[in-house]
Amino acid sequence: MKLCMIGTGYVGLVSGACFSDLGNDVICVDNDSKKIENLKKGIIPIYEPGLDELVKKNYKNNRLNFTTNLNKAVISSDIIFICVGTPTKKNGKAADLSQIFNVVREIRSSISKFKIIITKSTVPIATGDEIEKIISKKISKKMFSIVSNPEFLREGEAIRDFNYPDRIVIGTGDKKSNKILKSLYSPLISKGAKYLNSSRRAAELIKYASNAFLATKITFINELSNLCEKLGVDIEDVSIGMGLDKRIGGRFLRAGPAYGGSCFPKDTKAITNTADKFKINLSIIKSVIKSNKNRSSLLLNRVYNILNGKIKNKKICFLGVTFKANTDDMRDSSCLTMIPSLIKKGALINYYDPTGEKKEFRNKKNVSYSKNITAAVKLSDLIIIHTEWNDFKSINFKRIVKNKKFRIFDMRNIYSSIKMSEQKIKYFAIGR
Ligand code: NAD
């Protein structure tokens with residue numbers, strides 16, 4: 001099939017590369033000309049395991065192409081996936097849909113034969129209705145079908161998640177579009193993915209509800225870990241014990257820093273905002289947002305306590321600054337709250353991240369980047385393990401840290417408290 005992905009970011013590029021790998025002709029569009037130029041040269045704009053090879057292979061085979069020319073790409077395609085960003089509005093809670101509607105207005109002029117137009121971006125309930133209204137002002141409704149096909153992939157696992165999704169949700173009442181999309185996804189359905197055809201509004205809501213639920217699981221276990229610290233119970237035992245119950249499941253049940261990333265923070269805000277408009281109080285999700293906001297202050301308090309309240313001129317090293325491992329995505333990472341707050345108190349921050357230096361901290365006073373783990377931790381008073389990269393899982397701290405009085409705050413519970421105590425390392429974890 002001939003597909004067009006509009007927006008070549010985490011979702012558009014991964015889905016585009018994977019669809020082309022399944023034998024479709026895919027053209028990825030972006031209005032960032034540098035990104036498109038680089039992709040044509042084989043330079044991948046994001047860190048995502050396996051993506052590099054997949055993009056290069058399919059670009060070489062001419063099944064995957066890149067352009068800035070949206071109109072041309074739409075004209076030559078049968079199925080258009082809108083994959084642009086839907087961030088939170090500045091100073092607000094609602095999703096900013098300007099990127100979506102800009103694209104929709106542009107697409108309009110290129111519809112001369114039947115097109116399926118899909119929102120893969122996460123959009124609030126009834127956005128599909130609005131898109132349909134905008135396009136039908138200029139184009140007959142017979143010429144297009146607006147479908148919601150929310151994306152559930154996780155950064156860091158995106159290629160696996162695309163190829164082996166738990167479910168594919170297609171929100172449309174149009175039988176013809178449903179048949180075409182079922183056939184597009186048939187290679188994944190035959191590998192075991194469940195296919196759900198729902199109403200368009202339901203599909204839009206399924207995405208928000210799923211993200212809000214996962215954010216709730218994380219926040220739930222984070223709060224329980226606070227209680228575990230008081231009780232002398234290990235939160236890891238609690239997570240495993242709860243997760244063994246199939247009704248609960250162990251995923252997203254690991255205590256750690258505040259959840260971040262490009263989805264949970266914005267999507268929890270957007271769904272409560274939608275509900276408020278309909279005078280429905282989604283009080284659980286609202287408390288999740290509040291609890292998650294408090295999480296970074298709570299962990300910062302622990303940092304102060306670990307350093308006996310003496311932060312000024314203390315050398316604090318962060319291992320990993322993205323919102324989670326295996327991604328370079330800094331959006332809403334809890335480091336963006338914690339590091340500035342520690343600097344304000346006079347700390348000297350040094351960090352290492354396997355995906356390299358971050359523009360968010362470049363030229364920031366008292367923040368420096370080290371090119372490897374050894375250089376990063378060497379002189380530290382406190383080492384904070386912020387993300388769970390494999391690279392951080394078997395470090396010989398005793399050997400490489402030169403400051404004999406160093407402490408470790410393991411925000412991901414990677415290490416064993418017992419082994420650390422055997423080595424006489426002052427080690428602090430979450431919920432233990
Ligand atoms: P992103 O910011 O990485 O990518 C969006 C891309 O769209 C950018 O490259 C941008 O330049 C491009 N763009 C914006 N306006 C454009 C226009 N008019 N024409 C062409 N290109 C344009 O965003 P993302 O992380 O891929 O997320 C996209 C959507 O998918 C969001 O709604 C997000 O909530 C949702 N989503 C994201 C993930 C994830 O893990 N990142 C997972 C599931 C769903």
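Atoms within a ligand are numbered from 1 in the order they appear, just like the ligands themselves. It should be emphasised that the depicted structure is a prediction, and the values quoted were computed from it without experimental measurement. Residue numbers start at 1 and run along the sequence shown.
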Please identify which atoms of ligand 1 are closer than 4.0 Å to at least one heavy atom of Ser262.
39 (C), 41 (N)
I want to know whether Tyr415 and Phe397 have ring centres closer than 6.0 Å.
yes
Any Lys266 heavy atom less than 4.0 Å from ligand 1
yes
Should we count NZ of Lys364 as having more than 12 external heavy atoms under 6.0 Å?
no
Atom 43 (C) of ligand 1 sits nearest the protein heavy atom Glu151 O, 3.2 Å
Salt bridge check, Arg254 against Glu388: does any charged N sit closer than 4.0 Å to a carboxylate O?
yes
At the 4.0 Å heavy-atom cut-off, does Asp30 count as touching ligand 1?
yes
List every atom of ligand 1 that sits less than 4.0 Å from any heavy atom of Arg331, numbering the atoms from 1 in the order shown and giving each element.
1 (P), 2 (O), 3 (O), 23 (O), 25 (O)
Looking at non-hydrogen atoms alone, which of Ile6, Asp32, Thr86, Val14 comes nearest to atom 32 (O) of ligand 1?
Thr86
Salt bridge flag under 4.0 Å for residues Lys371 and Glu357:
no
Kindly confirm or rule out an N or O of Tyr10 lying under 3.5 angstrom from an N or O of ligand 1.
yes
ring-ring contact (aromatic ring centres under 6.0 Å, His included) evaluation trace for Tyr59 with Phe66
CA-CA 9 Å; Tyr59 182 63; Phe66 302 101; 5.7 Å; yes
Provide, to 0.1 Å, the distance between atom 41 (N) of ligand 1 and the closest protein heavy atom, together with that atom's residue and name.
Glu155 OE2, 2.8 Å
Numbered atoms and elements of ligand 1 in range of Val103, under 4.0 angstrom, heavy atoms:
17 (C), 18 (N)
Using a 4.0 Å cutoff against the non-hydrogen atoms of Lys35, which atoms of ligand 1 qualify?
8 (C), 9 (O)
For residues Asn163 and Pro165, report the shortest heavy-atom separation together with the two atoms involved.
C-CD, 3.4 Å
N-O pairing of Asp234 and Arg432 below 4.0 Å
yes
Under the 6.0 Å and 45° cation-pi test, does Arg407 pair with Phe428?
no
I need the nearest protein heavy-atom contact for atom 22 (C) of ligand 1: residue, atom name and distance, please.
Asn31 OD1, 3.3 Å
For atom 4 (O) of ligand 1, the protein heavy atom that lies nearest, with its residue and separation
Gly9 CA, 3.2 Å
Please compare Ala95, Pro150, Gly7, Gly12 and report which has the shortest non-hydrogen distance to atom 7 (O) of ligand 1.
Gly7
Shortest non-hydrogen contact from Ser262 toward Glu155:
OG-OE2, 3.5 Å
Could you list the atoms of ligand 1 found under 4.0 angstrom from a heavy atom of Cys83?
5 (C), 28 (C)
Between Cys28, Ala73, Gly85, flag the one that comes closest to atom 5 (C) of ligand 1 by a heavy atom.
Gly85
Polar proximity ligand 1 side, Asn102 side, N/O cut 3.5 Å exclusive:
no
Kindly say whether the aromatic ring centers of Phe19 and Phe162 come within a distance under 6.0 Å.
yes
Based purely on interatomic distance, does Arg154 place a nitrogen or oxygen under 3.5 Å from a nitrogen or oxygen of ligand 1?
no
Among protein heavy atoms, which sits nearest to atom 14 (C) of ligand 1, and what does the distance come to when rounded to 0.1 Å?
Gln99 OE1, 3.1 Å
Between Phe323 and Phe264, is the gap from one ring center to the other below 6.0 Å?
no
Separation between CD1 (Ile385) and CG (Leu319), nearest 0.5 Å, reads 6.0 Å
Among protein heavy atoms, which lies nearest atom 42 (C) of ligand 1, and at what distance?
Leu153 O, 3.4 Å
closest protein heavy atom to atom 37 (C) of ligand 1 is Val11 CG2, 3.3 Å
Are the aromatic rings of Tyr369 and Tyr351 close, with centres under 6.0 Å apart?
yes
Which residue holds the protein heavy atom closest to atom 35 (C) of ligand 1, what is that atom called, and what is the gap in Å?
Thr122 OG1, 3.5 Å
